[in-house]
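The structure under discussion appears below in the form of structure tokens.
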Protein chains: 2
Amino acid sequence: MDHSDGAGSGPSRPVTIYDVAREAGVATSTASRALSNPGRVSERTRAHVEEVARRLGYRPNRIAQALPSGRTRMLGLVVPDIANPHNARLIRGAEAQAAAAGYTLVIADSQEQPELEAAHVERLAPFVDGFVLSSRVDDAGLHGLRDRRPVVLFNRTLPELPSVCVDFDDSGRQVVEHLTSLGHRTVAYLRGPATSWADATRRAALAAHCRRHGVALTLLGPFPPTLEAGAAAADAALATDATAVIAFNDLLAIGVLQRLEHRGVAVPGALSVVGGDDIFGATFCRPPLTTLASPADQAGRTLVDMLNGRIDATEVVLPAPLVARDSTGPRRS
Amino acid sequence: MDHSDGAGSGPSRPVTIYDVAREAGVATSTASRALSNPGRVSERTRAHVEEVARRLGYRPNRIAQALPSGRTRMLGLVVPDIANPHNARLIRGAEAQAAAAGYTLVIADSQEQPELEAAHVERLAPFVDGFVLSSRVDDAGLHGLRDRRPVVLFNRTLPELPSVCVDFDDSGRQVVEHLTSLGHRTVAYLRGPATSWADATRRAALAAHCRRHGVALTLLGPFPPTLEAGAAAADAALATDATAVIAFNDLLAIGVLQRLEHRGVAVPGALSVVGGDDIFGATFCRPPLTTLASPADQAGRTLVDMLNGRIDATEVVLPAPLVARDSTGPRRS
DNA sequence: TTGAAAGCGCTAACAG
DNA sequence: CTGTTAGCGCTTTCAA
């Protein structure tokens, strides 16, 4: 099928606003106003220009629009691991809200590497109006970026930067109380990446609540937050006298579960295991994982709203209720 | 034109190539050449301009660069479900190869909705030099897009469009032979989305191989390719006399496994289950899932190479070997 | 209400 | 090898 308009004369160039203006018999500025700034032009003209534009199949060149204004109506979202279902929820939430506001969300995966994250941000920056970051970059790097583009942070706080975080303190309390109610007095925390603000915060909250409840807390790691790292993490935990372990996230926790099964350690009989974000898999691993229901989708929506200035709060904290499944149980006697 | 910088008055505008040229005492075109077209300028000048650019902190305005050339060095990748770990592998592969070629990959999630996919493509098109699509859009829609931007397809073929597909025929053969070798003679296929080319192709391959081996094949569905849909799919399968079921993908297969356990149906004792893409979760669901090792990461790399013209093959077919785990076993007697 | 014209920052002819 | 200049397509003053 031939969609060209100039009777078979070469590949037809895209229709510009000049074509529309000429065809409609008005100035380009009038055409521009009619199309994108209705109200500053007579109704008759507007309708006419619009009709012509439609007839010609005119599509504004977004790049050209962006050049003078500097605005592209695109938002960047960088996650540390796109294979982690937890981030999929963040993405879904952010994307829905971005679309609702007429923005396009572009997603990038930093694979837990701060350098890769920085590279992505560097590349995307010229094309986006702002960033949602689930970041592994250090504070200085984040501050540097802020001068270029507006930034909002997921699960991380930094002075001057808006953020949405899980309530690590309260969820830490829930976990510790859950474990103490089951009789546990010796607990190990399996750390996530050293560059993770969430890990540091979670760890601190856990430490505080353990102290308050007279629970001994052992810190193990850091470990990569992956299924594979679960083996080493499980072995490390078994080398302590902990009767329960809390993992940085579900990926690590499920990996731990696999290793424990492999080593013949009963869960929760011999060891209780707690995860961190209630991902896909937490319901069907063996045993189903006790974890925290991280509200990543809502976080995504809220972050985009903040970036667009539709919410002017600067530090939003979202609850992450404990979901008790079968990987935790009474302390072995 | 006023390109002055006005010594310290107000928020410093970004430094442009004009600033660099003036500071270096050369023409803008010389500065441009020195920076982006080395070789057509004297070594001395090049070095000098580069030094000045660095000192001033010059960063080319990508939007401005893209306006005349129409090229942004960005590639779009749209997947039907970003929460499906299978797609995460596709993304990883594509991203790595894009980065290696100096491209930025922007990712979008169509949530299995053709309309949403079309909307994403529409929005991204002005900003990307081409698309990798794991598409649910119909053939006509795809052809329309092709006139706008280069497109390559994952797990779908269409005349005139380059594609990378899993070898559905051979993987179908492997599955059928695996099941017949276990004594199965009555098999059900749990369909995926009606808009999925992969589903249609897989189904056809399965049908052909079943016929060849004298196996009765029942088609059930279509079902959404989700964990949740697994319940209905399992129930439908149990209502037939099939002794083995093949699911469109692992998400659905794992959902089936959950439902079967819930209903007290032994796997593989009473029913064997086969998945489709070997995702995260396939190793630790109960029982571990027999499935096909879909080479999504390699597909991602190859697709990007095709888009960049680094590979000029037009239809690449990748093998997806059967991975036999514990969800398949001898037919119940 | 409409038109003319000046840029947005960069690249690419075309001269010199 | 380097400088001058004309756009890329659009928005936006500034006049009329």
Side-chain angles (χ1 to χ4, degrees), chain A residues 11-50 52-53 56-74 125-129 148, chain B residues 1-6 11-50 52-53 56-74 125-129 148:
Chain A
S12 60
R13 290 202 303 86
V15 178
T16 72
I17 200 165
Y18 292 104
D19 302 323
V20 174
R22 182 163 11 81
E23 179 75 14
V26 299
T28 54
S29 52
T30 302
S32 171
R33 278 187 289 251
L35 262 15
S36 55
N37 205 350
R40 299 193 52 74
V41 73
S42 84
E43 173 54 25
R44 240 176 67 86
T45 315
R46 192 197 54 69
H48 179 221
V49 170
E50 253 177 17
V52 171
L56 261 41
Y58 167 71
R59 303 176 158 191
N61 178 326
R62 300 286 167 195
I63 299 274
Q65 284 182 316
L67 185 50
S69 70
R71 306 190 56 244
T72 58
R73 297 195 76 83
M74 300 214 287
F127 296 100
V128 301
D129 295 341
R148 292 230 290 148
Chain B
M1 198 185 307
D2 177 20
H3 283 288
S4 74
D5 41 17
S12 60
R13 289 199 302 82
V15 346
T16 72
I17 201 165
Y18 292 104
D19 301 324
V20 174
R22 182 165 12 81
E23 179 74 14
V26 300
T28 54
S29 55
T30 302
S32 172
R33 277 187 290 250
L35 262 15
S36 55
N37 206 349
R40 300 191 52 74
V41 74
S42 84
E43 173 53 25
R44 240 175 68 85
T45 315
R46 194 199 52 70
H48 178 220
V49 170
E50 250 177 20
V52 170
L56 262 41
Y58 168 72
R59 305 172 154 198
N61 179 326
R62 301 285 168 194
I63 299 275
Q65 283 183 316
L67 185 50
S69 69
R71 305 189 57 244
T72 58
R73 297 195 76 81
M74 299 214 287
F127 296 101
V128 302
D129 295 340
R148 294 233 285 151

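Side-chain atoms are counted along with the backbone in the values below, which use heavy atoms only and exclude waters and symmetry mates. None of the values given here were measured: they were computed from a predicted structure. To find a chain, count down the sequence lines: A is the first, B the second, and so on, and within it residues start at 1.
For B/R59 against C/dG9, no side-chain N or O and base N or O form a donor-acceptor pair under 3.5 Å. Between the base of C/dA4 and the side chain of A/S29 there is a donor-acceptor pair shorter than 3.5 Å. For a distance-only test at 3.5 Å, the side chain of A/R62 fails to qualify as a donor-acceptor partner of the base of D/dG9.
Note that the two end axes of the helix from C/dT1-D/dA16 to C/dG16-D/dC1 enclose an angle of 40°, each drawn from 5 base pairs, rounded to 10 degrees.
Comparing B/T28 and A/A27, the nucleotide of DNA chain C nearest to each residue sits closer to the 5' end for A/A27.
As rounded to whole Å, 11 Å separates atom C1' of C/dA4 from atom CZ of A/R33. In this structure, CG of A/L35 is placed 8 Å from P of D/dT11, rounded to the nearest angstrom. For the pair B/R73 CZ and C/dC10 P, the interatomic distance rounds to 17 Å; values are reported in whole Å. Remark: C1' of C/dG7 and CG of B/N61 are 14 Å apart, rounded to the nearest angstrom. Counting to the nearest Å, the C1' atom of D/dG9 and the CG atom of B/L67 are 6 Å from each other. The separation between A/I17 atom CD1 and D/dT12 atom P is 11 Å, rounded to whole Å.
Counting any heavy atom pair closer than 4.0 Å across all strands shown, A/T16 reaches sugar-phosphate atoms only and no base atom. Note on A/S69: nothing from the nucleic acid sits closer than 4.0 angstrom, heavy atoms only.
In terms of phosphate contacts, A/Q65 brings no side-chain nitrogen or oxygen within less than 4.0 Å of OP1 or OP2 of D/dG9.
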